[in-house]
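In the text below, chain A, chain B and the rest are named by the order of the sequence lines, each starting its count at 1.
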2 protein chains.
Amino acid sequence: MDSHPDSSTPDASASKDAAKVTIADVARQAGVSKGLVSFALNDRPGVSAETRARILSVAGLLGWTPSLRARSLSSQRSFALGLVIARDPEVLGSDPFFTSFIAGVETILAPEGLALVLSVVPDEKTELATYRTLVADGRVDGVFLSDLRRDDARIPCLTELGLPTVTLGRPDQPSPFPAVSIDDTQGIAESVRHLSSLGHRRIAHVAGSAAMLHGRRRRDAFTQAMQAAGLGQGQVVETDFSIAAGADATRRLLRQAEPPTAIVFANDPMAIAGIGVAQELGVRVPDDLSITGFDDIEFARYVYPALTTVGATPMVWGRAAASTLLGLIRTGSAEDVELPAARLIVRGSASAPPPY
Amino acid sequence: MDSHPDSSTPDASASKDAAKVTIADVARQAGVSKGLVSFALNDRPGVSAETRARILSVAGLLGWTPSLRARSLSSQRSFALGLVIARDPEVLGSDPFFTSFIAGVETILAPEGLALVLSVVPDEKTELATYRTLVADGRVDGVFLSDLRRDDARIPCLTELGLPTVTLGRPDQPSPFPAVSIDDTQGIAESVRHLSSLGHRRIAHVAGSAAMLHGRRRRDAFTQAMQAAGLGQGQVVETDFSIAAGADATRRLLRQAEPPTAIVFANDPMAIAGIGVAQELGVRVPDDLSITGFDDIEFARYVYPALTTVGATPMVWGRAAASTLLGLIRTGSAEDVELPAARLIVRGSASAPPPY
DNA sequence: CTGAAAGCGCTTACAG
DNA sequence: CTGAAAGCGCTTACAG
């Protein structure tokens, strides 16, 4: 690695203090009015092809970058999209969903010159206040709504605010917003069928919060798949999706007189904690206890035994949600999008149940 | 799943279109000029106490929120701070540092009415381009620079751009920016001493990338601590900090004729992968192999055995970095900040070495 | 201590 | 197809 000491050392006084070139400079140089330059920039009709070409060429020559601030003020747009995440930050850390989701969003926004404004807030009350502030400040042209809850207060709030929104998943209430969804019930059903086909009959589910739609939905999918397999309802323990709660739930399940031989967890962090608790209790995975997760976070491949889980695709989700939100903002409406269902990924954490 | 055929039909006309109250309305109602309202809003001298009180009261009555867009245009500020993360998004997910860091930043920004603009980009080239765009667009008033690298190209780039910056840690090159640092060498040294006092003599280090300052620094701390303990240099395997690389490195170390009895990992994700690999190879942790990590991510407490690690405090770091950046922007300069060193947290993954 | 006016750099009807 | 002008809603010298 040789260094280039002379690299990137422009004549200091450059860029920042350089007299900012404005639309007026371009107009003068091109011999047209400012309005026409604006029209050319925004690809609006009413500018002859050759005039537009000349304007754009002059703009390039002068190194003109239209002022985002001026555009924002006069066009009442902010050229930014928002994401508000309401979670205990300590817990958030273990969930890699958002960073991948954001990376996906970014692949759509960056080429459009749009930015992402991110807020991490501790609770729902602060979250609602944050949306109001974002709108009052005109910070964003639209937002992504994730972690949908039952009878979600954010839907009426955002509707009232008139803020273009895309929901991640379909709300359980009337919603004016397009939804970008990915079916997670199929993966849960596959998990149950997989375990059932391995010979398990006492299968339990460590569910996420029933107050969250995906928690409830995965739980229902579990119960239905159990019944379809003729295994009754299946024992269910509800949690808040946190690692700590997943560990507790596992402990409770395994301490029963007749513990399950398999546990379907509603997410990977809890499943991984479940493996830890089993080991701590001297229960062998998968020999004594089979475990499945949901998400396919990176850790899933590297714990031992590697986690059989359902593969979510947050980056894909991010791209789809961003495209949909952009469409909504630009055209005023957008269709719901259904992404390919998350599917089961078989690894080592689930096998046949013990013979006794 | 019942569908709502009537969805995506906003009733548009809501609050969004409510006639926006402006500074002119406040001025008229309060019987003063617009300029004075602005002065009162910005707490500038030249407004008598009672006039200011009257203005603010009228503003409250009318529900006036100063327009961020107008303020941005006339004051040449954006009221936002930026964070650009350059990483493979798939790998990023397993690192909870940023979400906690951002949550910390948020606690400082939100009360000030400032927003955070976040970019996740795939590589350094895109990262530099992103900074240029942020500046050209006047998107942010300053940025946080994290994951410092050797001879980091971003330092000269940001210097040239004249963008107020706070670095997370001290660069290895001349830098005009304040640094907010947390000593991580002490925790590594403590780890080595801890293992040494347990009786370990063959201690290895799975290091992060030497191209990254914290990777290099932790490695040096390891080597020094080993020598101080009279244990030679200690075997070191370099990685890129990723889970996959951590797993590989562990595998290589354990397959040697005389494998280490303890491994100090440069971060928790690799350490957790290390536990997985050991188990896969039939090496018992901690009986046959002791393991320590760095970060104290949430998983660390829930894997088995629970990970002995060094506790970082990303939220605290986020708060300190945000405060420092705000100070820099407002006053033009800021002191370096040294946060309390990260300390060793003893759990179950390290014990005495096997007797043989 | 206060007011009138120009300016930030665009967009957008409105005339031609 | 093109131009001149008002307007977006603030901030900030500059006069008083």
Side-chain angles (χ1 to χ4, degrees), chain A residues 16-56 58-59 62-80 113 135-139 141 330, chain B residues 16-56 58-59 62-80 113 135-139 141 330:
Chain A
K16 197 171 189 187
D17 311 312
K20 170 80 178 163
V21 20
T22 74
I23 200 173
D25 301 316
V26 177
R28 196 179 320 114
Q29 279 284 330
V32 299
S33 70
K34 294 192 307 178
L36 207 56
V37 175
S38 175
F39 271 52
L41 167 71
N42 294 301
D43 278 326
R44 294 183 35 160
V47 191
S48 73
E50 59 176 326
T51 306
R52 160 176 291 128
R54 180 158 43 90
I55 291 174
L56 294 180
V58 168
L62 298 181
W64 175 61
T65 317
S67 157
L68 195 73
R69 287 165 184 155
R71 295 184 79 190
S72 286
L73 179 58
S74 57
S75 69
Q76 306 284 35
R77 287 182 293 164
S78 51
F79 304 98
V135 169
D137 287 353
R139 276 282 187 196
D141 299 322
R330 285 173 185 166
Chain B
K16 198 171 188 190
D17 310 310
K20 170 81 177 162
V21 19
T22 76
I23 199 173
D25 300 317
V26 177
R28 196 179 320 112
Q29 279 285 329
V32 298
S33 70
K34 293 193 306 177
L36 207 58
V37 175
S38 176
F39 272 52
L41 167 70
N42 293 302
D43 276 328
R44 294 183 35 159
V47 191
S48 73
E50 60 177 326
T51 306
R52 160 175 292 125
R54 180 159 43 91
I55 290 174
L56 295 181
V58 168
L62 297 181
W64 175 61
T65 317
S67 157
L68 194 73
R69 286 166 184 156
R71 294 184 79 190
S72 286
L73 180 59
S74 56
S75 68
Q76 307 285 32
R77 287 182 292 165
S78 51
F79 304 97
V135 169
D137 287 353
R139 276 282 188 195
D141 299 322
R330 285 172 185 168

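If you check every strand for non-hydrogen atoms under 4.0 Å, A/Leu73 touches a base. Contacts of B/Thr51 with the nucleic acid, taken as non-hydrogen atoms under 4.0 Å apart, involve only primed sugar atoms and P, OP1 or OP2. A/Arg77 comes within 4.0 angstrom of no nucleic acid atom, judged by non-hydrogen atoms across all strands. Backbone-only contact: A/Arg44 has heavy atoms under 4.0 Å from sugar-phosphate atoms and none from a base. Among the protein residues, B/Ser38 comes within range of the nucleic acid bases, having at least one heavy atom under 4.0 Å from a base atom.
Residues B/Ser78 and A/Arg139 come closest through the heavy atom pair O-NH1, 3.3 Å. The two atoms that bring B/Val21 and B/Trp64 nearest to each other are O-CD1, 3.1 Å, heavy atoms only. Nearest approach of B/Val32 to B/Val37, heavy atoms of both residues: CG2-CG2, 3.8 Å.
The footprint of chain B on DNA chain D, defined by a heavy-atom cutoff below 4.0 Å, extends from D/dG9 to D/dT12.
Not a single donor-acceptor pair under 3.5 Å links the side chain of B/Arg69 to the backbone N or O of A/Ser75. For A/Arg54 (side chain) and A/Ala30 (main-chain N/O), a donor-acceptor pair under 3.5 Å exists by modelled atom type. Using a distance-only test at 3.5 Å, with no hydrogens or angles considered, no donor-acceptor pair links the side chain of B/Arg71 to the main chain of B/Pro66. Judged purely by atom type and a 3.5 angstrom limit, A/Arg52 uses its side chain to pair as donor or acceptor with the backbone of A/Arg44.
Both B/Val32 and A/Ser74 lie near DNA chain C, and the one whose nearest nucleotide falls closer to the 5' end is B/Val32.
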- A correct dot-bracket answer for DNA chain D, with pairs being Watson-Crick or G-U at under 3.5 Å, [ ] for crossing pairs and | for inter-strand pairs, is |||.||||||||.|||
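No side-chain heavy atom of B/Phe79 sits less than 4.5 Å from a side-chain heavy atom of A/Asp137.
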